[in-house]
2 protein chains.
Amino acid sequence: MTEAALPAVTPTTGTPETPEEPGTREEPETPGPSEPSRHERRKRATRAAVRDAALRLAVRQGVERTTIEQIAAEADIAVRTFFNHFSGKEEAVVAAAAVGAEAFVAEFRSRPPQESVLRAIREAVLVAMDRHDAVGRDHIRALRLMRGTPSLMPQQMAVLTVQEDALAAAIAERIGPDGGPGPGRLGRAVHARLCAAASLAALRIVLDRWLAGTADSDDPPPLDVLRAEADAALAQLAAGLDHPGRPDGG
Amino acid sequence: MTEAALPAVTPTTGTPETPEEPGTREEPETPGPSEPSRHERRKRATRAAVRDAALRLAVRQGVERTTIEQIAAEADIAVRTFFNHFSGKEEAVVAAAAVGAEAFVAEFRSRPPQESVLRAIREAVLVAMDRHDAVGRDHIRALRLMRGTPSLMPQQMAVLTVQEDALAAAIAERIGPDGGPGPGRLGRAVHARLCAAASLAALRIVLDRWLAGTADSDDPPPLDVLRAEADAALAQLAAGLDHPGRPDGG
DNA sequence: CTGCAATGATGCACGACGTGCAAAGTGCTG
DNA sequence: CAGCACTTTGCACGTCGTGCATCATTGCAG
């Protein structure tokens, strides 16, 4: 399981956004039109540092015993700055869960256009899972933290909603403009969002079950079980919830 | 639209749980085994009073400008007591959204056993919507508050999760024990939860769209549009997301 | 290079929030 | 009635959240 394994509910204990040391990196002469300014990059780096510090502390000592002051100290910022980035510690802890989701949506966008929506989602999920096979202890601990801390649940669900937005937008583009063969009685936007929401819910459910089945072991759980269940749940959505076991035909 | 119209995202501005005046109600000689104790009834009444006060104040002046002290005063309790019931003001405001959901699940449970899962859900939704046809101004205001206040979203999603639990349990009972004809490649529990989560997501999405379409009007929105879209979305889940427009056959 | 505007970080103040604890009030049982 | 369980309450106090002004960094124009 990797950072990009599943949207939303998959935190990372490392950061792909390495905080930049001022002055230690060679600067391009002129930033390209789509390249973030230094301001923007520093801001993102600070945010990532805070997010990762929050998760580290929460894994180490539990969310309830983690204070914002500790997070700020760990990230080497002022407490006041913490609130420039997050509304509270739960949001910071959970923010790590969002890290891999952009890659998942990008993978979905790059699927061949002839694949059906749910087929493309299924493939994107499998690709994301296959990206790395290493399952680290720290990673499992973070997942378990998320699952075992009720106070994190609202923010986890909120993160899921943001990702639902992104996936729905990608699906809407895939379906194409209204008037096409697409969504039948539902409008395109509703259909896209329905696919996104249902798929993400399926992934959430499957991940939760998988983690539940591994609660008492320090060993990395069998990833192929998770992979198979995710695929089966998505296939079920494709084929129809009133038709259990039906081949999805997608 | 009524209290029981849709699960989770439908608040009420009145309370079906009338706070009891101590000493003004005749007591049965002995509480039955399933009848709540007075302790329990008082606790529930307090909770309902707080919840309703929170929603009233939030509708009146906005969530951000509503303090816990105001809510406590409005509900005539101590601030300390507020925290015996809710973790924060957002949870209190959103708690009203959960009021009608038990009735919806009960309606689902009472559907004829030969109906498919999604058919039973569809029928329960339609029954719940038809229970009352009056759409009050206060009610629409509450719905719009929920939609227009980002800080409420995590707690709204959390409420949805609780109701997903309840609906999934009901669905699992309906499906029957594992080993039956039921869920195919997915286990019974996963299938039940998948149905619950996807259905509730559909209702959430449809309600959101409906409210978006009524944002600029004080008039009650056309309820039959909401009814039709909810039914169409659930039918789509029944028939398969990769088969837009397919009759659901359920 | 200098000046200026924009932006993020920071210190500070202070009201609001969240929690533990003990006391008071209420309800139930024997 | 006494004892016990449960809910509410007052209080203390650390933590949190926000507004505001200042500082530091960055990017741009002249």
Side-chain angles (χ1 to χ4, degrees), chain A residues 19-25 27-33 35-50 53-54 57 61-73 75-93 150-151 154-155, chain B residues 19-33 35-50 53-54 57-58 61-73 75-93 150-151 154-155:
Chain A
E20 285 165 1
E21 293 287 337
T24 63
R25 177 167 164 179
E27 296 308 322
E29 292 261 357
T30 309
E35 184 165 321
S37 65
R38 174 157 307 182
H39 269 304
E40 183 63 26
R41 280 181 280 129
R42 291 190 59 144
K43 179 178 169 182
R44 289 179 185 176
T46 302
R47 190 175 191 279
V50 175
L57 284 164
Q61 61 190 26
V63 174
E64 313 305 327
R65 288 174 49 200
T66 297
T67 64
I68 290 173
E69 187 171 351
Q70 291 170 342
I71 298 171
D76 196 26
I77 58 162
V79 171
R80 183 63 186 80
T81 301
F82 176 91
F83 293 103
N84 290 347
H85 297 273
F86 299 105
S87 66
K89 66 180 181 182
E90 286 86 3
E91 192 190 341
V93 172
S151 64
Q155 290 292 339
Chain B
E20 285 166 2
E21 294 286 337
T24 63
R25 179 168 163 178
E26 195 148 342
E27 296 307 325
E29 292 261 358
T30 309
E35 183 165 322
S37 66
R38 168 148 316 167
H39 268 307
E40 183 62 29
R41 280 182 277 129
R42 291 194 56 148
K43 181 179 172 182
R44 288 178 188 179
T46 301
R47 190 176 192 276
V50 176
L57 284 165
Q61 62 190 28
V63 174
E64 312 307 327
R65 288 173 52 200
T66 296
T67 63
I68 290 173
E69 188 172 349
Q70 292 170 341
I71 298 173
D76 196 28
I77 58 164
V79 170
R80 182 65 187 80
T81 301
F82 176 91
F83 292 103
N84 290 346
H85 297 274
F86 299 104
S87 66
K89 67 180 177 181
E90 285 86 5
E91 191 190 343
V93 172
S151 63
Q155 290 292 339

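Chain A is the first sequence line, chain B the second, and so forth, proteins listed ahead of strands; every chain is numbered from 1.
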| said: Distance check needed: C/dC21 C1' versus B/Asn84 CG, whole Å only. | reply: 13 Å
| field | Backbone N/O of A/Val63 and side chain of A/Lys89: donor-acceptor pair under 3.5 Å | value | yes
| Which nucleotide in the list C/dT10, C/dT19, D/dG27 gets nearest to the side chain of A/Arg38? | D/dG27
| said: Which heavy atom of A/Ala49 sits nearest to which heavy atom of A/Ala75, and what is that distance? | reply: O-CB, 3.8 Å
| request: Check the distance between C/dA16's P and B/Gln70's CD and give it to me in whole angstrom. | output: 9 Å
| First of B/Ile77 and A/Ser87 reached from the 5' end of DNA chain D, by closest nucleotide | B/Ile77
| request: Choose from D/dG19, D/dG17, C/dC21 the nucleotide whose nearest atom is closest to any side-chain atom of A/Arg80. | output: D/dG19
| request: Measure the distance from CZ on A/Phe82 to C1' on C/dG8 and round it to the nearest whole Å. | output: 16 Å
| said: Measure CD/A/Glu90 against C1'/C/dC17 and give the value in whole Å, please. | reply: 13 Å
| task | Taking only the side-chain heavy atoms of B/Thr46 (C-beta and beyond), determine which of D/dT8, C/dC17, D/dC16 contains the nearest atom. | result | D/dT8
Donor-acceptor list for residues 64-71 of chain B side chains, cut-off 3.5 Å, not counting sequence neighbours:
{"residue": "B/Glu64", "atom": "OE2", "partner": "B/Ser151", "partner atom": "OG", "Å": "2.9"}
{"residue": "B/Thr66", "atom": "OG1", "partner": "B/Gln61", "partner atom": "NE2", "Å": "3.1"}
{"residue": "B/Thr66", "atom": "OG1", "partner": "B/Gly62", "partner atom": "O", "Å": "2.8"}
{"residue": "B/Thr67", "atom": "OG1", "partner": "B/Gln70", "partner atom": "N", "Å": "3.2"}
{"residue": "B/Gln70", "atom": "OE1", "partner": "B/Gln61", "partner atom": "NE2", "Å": "2.7"}
{"residue": "B/Gln70", "atom": "OE1", "partner": "B/Thr67", "partner atom": "N", "Å": "3.0"}

| task | Could I get the full list of side chain to side chain donor-acceptor pair (under 3.5 Å) partners for B/Glu90, not counting sequence neighbours? | result | none
| field | Candidates D/dT8, C/dG27, D/dG10 - which lies nearest the side chain of B/Ala78 | value | D/dG10
| request: Rounded to the nearest angstrom, tell me the gap between atom CD in B/Glu69 and atom C1' in D/dG10. | output: 14 Å
| query | Considering only side-chain heavy atoms of A/Phe83, which listed nucleotide, C/dA9, D/dT8, D/dT18, is closest? | reply | D/dT18
| Do any side-chain nitrogens or oxygens of B/His85 fall under 4.0 Å of OP1 or OP2 in D/dT7? | no
| Rounded to the nearest Å, what distance is computed from the CD atom of residue B/Glu64 to the C1' atom of nucleotide C/dG15? | 16 Å
| Phosphate-side-chain proximity, B/Arg42 and C/dG27, N/O vs OP1/OP2 below 4.0 Å | yes
| note | Rounded to whole Å, CZ of B/Arg65 lies from P of C/dA16 at a distance of 13 Å
| said: Just the rounded figure in Å: distance from C1' of D/dC6 to CZ of B/Arg44. | reply: 14 Å
| remark: Heavy-atom closest pair (B/Arg47 atom, B/Phe86 atom, distance to 0.1 Å) is NH2-CE2, 3.3 Å
| remark: Taking every heavy atom of A/Gly88 against every heavy atom of A/Phe82, the minimum-distance pair comes out as O-CZ, 3.4 Å
| field | A/Asn84: side chain to side chain donor-acceptor pair (under 3.5 Å) partners, not counting sequence neighbours | value | A/Arg80
| said: For A/Ser87 versus A/Gln155, what's the shortest heavy-atom pair and its separation? | reply: OG-NE2, 4.4 Å
| field | A/Asp76 vs B/Gly88, nearer the 5' end of DNA chain C by closest nucleotide | value | A/Asp76
| message | Under 4.0 Å, counting only non-hydrogen atoms across every strand here, what does A/Thr81 touch: a base, just sugar-phosphate, or nothing? | response | base
Collect all protein-nucleotide pairs involving nucleotides 2-6 of chain C in which both atoms are nitrogen or oxygen and the distance is under 3.5 Å.
none

| note | Sorted by position of nearest nucleotide on DNA chain C, 5' first, the leading residue of A/Glu40 and B/Thr66 is A/Glu40
